[in-house]
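Please read all numbers here as calculations on a predicted model, not as lab measurements. Chain A is the first sequence line, chain B the second, and so forth, proteins listed ahead of strands; every chain is numbered from 1.
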2 protein chains.
Amino acid sequence: MGLNIRDIAAAAGVSPATVSRALRGMDNVDVSTREHVIAVARALDYAVSPVASRLATGRSGTLGIVTPYVGGWYFAELFAGIEAALKPFDLDVLIHTTEEPTGARPSTEAHVRLRRRVDAALVIGLAPDSKEIAGLAGLGIPLVLIGSQVDGVASVSIDDRADACRAVQHLLDLGHRRVGLISGRRLPTGFVPENDRLAGYLDALSAAHLAHPTSLREVGEFTTAGGERAMSVLLARQPRPTAVFCMSDQMAYGALRAMSRAGVGTGTGDGAIAVMGFDDHELATTFDLSTVAQPVRAIGALGVDLVMEQLDGRQPRVIVLPTELRVRASTQGSVTNR
Amino acid sequence: MGLNIRDIAAAAGVSPATVSRALRGMDNVDVSTREHVIAVARALDYAVSPVASRLATGRSGTLGIVTPYVGGWYFAELFAGIEAALKPFDLDVLIHTTEEPTGARPSTEAHVRLRRRVDAALVIGLAPDSKEIAGLAGLGIPLVLIGSQVDGVASVSIDDRADACRAVQHLLDLGHRRVGLISGRRLPTGFVPENDRLAGYLDALSAAHLAHPTSLREVGEFTTAGGERAMSVLLARQPRPTAVFCMSDQMAYGALRAMSRAGVGTGTGDGAIAVMGFDDHELATTFDLSTVAQPVRAIGALGVDLVMEQLDGRQPRVIVLPTELRVRASTQGSVTNR
DNA sequence: CTGAAAGCGCTTACAG
DNA sequence: CTGAAAGCGCTTACAG
């Protein structure tokens, strides 16, 4: 309950220094001494005080995670990947959310909160030029960006722009000429992948010399309900889009729902609208939704790898993961009214 | 970057003790002294070392969260509620997952991991008689259980048994006599709410003097894919259930998908199967799924309240939240093949 | 291989 | 209201 290293030292008949060395498995301890100390420590159910070690060593044993929000599919997946990858390392995690619940007073800045608390930080989706990134860089600890890139900083991401372009290209290949867009927020935002996906959408249309009026774009808030609202608006536009690219699968589900309610078919049928998502969320197959599959858990795990590498003194690396186009009935099929 | 309290003391022309008092807003400091110290600290961009304070005070400033797993809708919602409620308190969070990724060697036990690291713990879904709970109780810190109850320990949960019973009762009220069940794991499990929901299912059937053969039950692993598999099996049974209660909405989505594939209608139509979920997940309306709505974010926030209460020296409280039956087309409607 | 001692950066009785 | 001093529980050169 309240044993400290001196108690163990006394019980084992050695000095606290030796206990410290033995318990951490250092090799400059006689084997028999080490085993004896370990046995005594276990018998007494001793646990070192992480706080004391941290103060003594100057290492916090903690990884900071800076994220715009918590909750939602993407974060949950990412975090699951991070947690799993962290298991072998006995590192604690400290999560800092940058986005305020609406109406809340602004809380501590990320770098102030993390200072002296973390040995490294995983930074999710923040813009390269944001002041958060600048502040964090000033901390002088290893940083790993997820979903954005900055020169000289480690990062793991997908190529949102190219991937979105490919998704829209798929719709163009099917013959569509009026391709709508359902984005998360009103663009541009502080969330990088979203801006990049917009750029990719525009790339594809421009390359095909197609118009891309803003009347084809609606905001879906990254929620299913928002996607439903957005699609309802698009359905009322004249002329209607014949295909819609949604920046997330969850918004696409809502879009499909709006179409179903309006009696509008999905895929290639007459008067139908082809719907394309992004993520390959676990329900994409259930909705028969064509989408771009991104390996979110792997991204989280790789982020941890890059952190550990830098903590080991290696150079920051940049990883860009490939995605995969998954074509399903929402673009290819001829399901009438789902 | 590396300033400590003595640097500030020197710069402000006072002692470290006074700096400490001033910065923490203690009232036994002259107002002008305090303001001066605060100004100097700010000018020098000083941040106290949490680790040093923790060692000196014996308080970790950290809340432990013990959970069987991370990821998935329930945990993400709960965690979002916890995070939001924690914002005003400057408490760090330390997450410990008890369930191993399959194949991993067992990691440290929860109470060993949390010992000396947290001031209190929020424990999610663990069985009252589990050894984890026993170990955590031995830590002598305030505990708040989420989703289970133990005498003398604070907790916040819903009444899973009664709520499941009500859900099944709804199906019985519609005239169903063969009501199937899709559970998460093979029951009984270490996850309390699940066992309670089974009990509630049996309660309703027993009260109506109906048989409840195990052939009406299948395991859906709490995933959409699992729910789809489970329903496929149930569809092949003779006689088929005419209604199915799923322990989570996500499994219900899979079940609906399996029915749609098999050409089986939903709701009250001829040869149709009524499907009932549990959660009121964000897509439940999209699927027109009848379900039991539980306020997951509120549960997380209340868990934090109960923690703070105990940290303030108040007695542990037990909170049981009401749920709400949401009837939609999956039980009442007559949608043929969705 | 082992130990005595200093130090990590705070907080808190205690004395004034 | 303020300060000197001890202490929180470790780790780590340094010396042997």
Side-chain angles (χ1 to χ4, degrees), chain A residues 1-41 44-62 90 92 112 114-119 140-141, chain B residues 1-38 40-41 44-62 90 92 112 114-119 141:
Chain A
M1 208 62 239
L3 291 183
N4 63 29
I5 200 171
R6 273 208 308 278
D7 298 321
I8 306 306
V14 297
S15 73
T18 298
V19 173
S20 174
R21 294 186 186 109
L23 257 28
R24 279 174 303 143
M26 301 185 70
D27 52 357
N28 54 352
V29 180
D30 188 273
V31 184
S32 66
T33 309
R34 186 193 315 164
E35 285 173 356
H36 177 225
V37 168
I38 291 176
V40 169
L44 265 38
D45 195 28
Y46 168 72
V48 317
S49 159
V51 154
S53 318
R54 287 167 188 190
L55 181 58
T57 60
R59 271 173 270 117
S60 69
T62 302
D90 188 42
D92 292 346
V112 173
L114 296 192
R115 184 141 60 121
R116 290 168 168 250
R117 284 175 196 255
V118 304
D119 296 332
I141 57 174
Chain B
M1 210 59 245
L3 292 182
N4 63 31
I5 200 170
R6 274 207 308 276
D7 298 321
I8 306 305
V14 296
S15 73
T18 298
V19 174
S20 175
R21 293 187 186 110
L23 257 29
R24 280 175 303 142
M26 300 185 69
D27 52 357
N28 52 352
V29 180
D30 188 274
V31 183
S32 67
T33 310
R34 186 193 316 166
E35 285 173 357
H36 177 227
V37 168
I38 291 175
V40 170
L44 266 36
D45 195 28
Y46 168 72
V48 318
S49 159
V51 154
S53 319
R54 287 167 188 190
L55 181 58
T57 60
R59 271 173 270 116
S60 70
T62 302
D90 187 43
D92 292 345
V112 173
L114 296 192
R115 185 140 62 119
R116 289 170 169 252
R117 285 177 195 253
V118 303
D119 297 332
I141 57 175

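If you take CG of A:Leu55 and P of D:dC10, they are 12 Å apart, rounded to a whole angstrom. Between B:Arg117 atom CZ and D:dC8 atom P the separation is 21 Å, expressed in whole Å. C:dT2 atom P lies 12 Å from atom NE2 of A:His36, rounded to whole Å.
Using a 4.0 Å heavy-atom criterion, one finds that A:Asn4 contacts the sugar-phosphate atoms exclusively. Within 4.0 Å (heavy atoms only), B:Val51 reaches no atom of the nucleic acid at all. Within the 4.0 angstrom heavy-atom criterion, no nucleotide atom of any strand lies near B:Asp7.
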Point to revise | Watson-Crick and G-U pairing of DNA chain D written in dot-bracket, each distance under 3.5 angstrom, with | for inter-strand partners | key: |||.||||||||.|||
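The side-chain contact (heavy atoms from CB on, under 4.5 Å) search around A:Ile38 returns A:Leu23, A:Arg34, A:Arg42, not counting sequence neighbours. Taking the side-chain contact (heavy atoms from CB on, under 4.5 Å) definition, one finds that A:Ala12 meets it with A:Val14, A:His36, A:Val37, A:Val40, sequence neighbours left out.
Of all the heavy atoms in B:Pro16 and B:Ala9, the pair that sits closest is N-CB, 3.5 Å. In terms of heavy atoms, B:Asp30 sits closest to B:Ser32 at OD1-OG, 2.7 Å. Shown here for B:Ala22 and B:Val29, the closest heavy-atom pair between the two residues is N-CG2, 4.0 Å.
The list of side chain to side chain donor-acceptor pair (under 3.5 Å) pairs with a residue in residues 10-22 of chain A, not counting sequence neighbours, reads A:Ser15-A:Thr18, A:Ser20-A:Arg24. Residue pairs meeting the salt bridge (Lys or Arg N to Asp or Glu O under 4.0 Å) criterion with at least one member in residues 48-61 of chain B, sequence neighbours excluded: B:Arg54-B:Asp92.
A sub-4.0 Å separation between OP1 or OP2 of C:dT2 and a side-chain N or O of A:Thr33 is present. Within the 4.0 Å cut-off from OP1 or OP2 of D:dG9, not a single side-chain nitrogen or oxygen of A:Tyr46 is found. A sub-4.0 Å separation between OP1 or OP2 of C:dT2 and a side-chain N or O of A:Thr18 is absent. Put simply, A:Arg6 has no side-chain N or O that comes within less than 4.0 Å of OP1 or OP2 on D:dC10.
Distance from the side chain of A:Arg116 is smallest to C:dG9 among D:dG9, C:dG9, C:dC1.
At distances below 3.5 Å, at least one donor-acceptor pair connects side-chain atoms of B:Asn4 with backbone N or O atoms of B:Asp7.
In this structure, the side chains of B:Arg116 and B:Ser60 stay at 4.5 Å or more apart for every pair of heavy atoms.
A distance of about 24 Å separates the P atoms of C:dC14 and C:dC10, rounded to the whole Å.
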Practice item. Indicate for each nucleotide in nucleotides 11-16 of chain D, in 5' to 3' sequence, whether protein heavy atoms under 4.0 Å reach the base (B), only the sugar-phosphate (S), or nothing (-). Key: SBB---
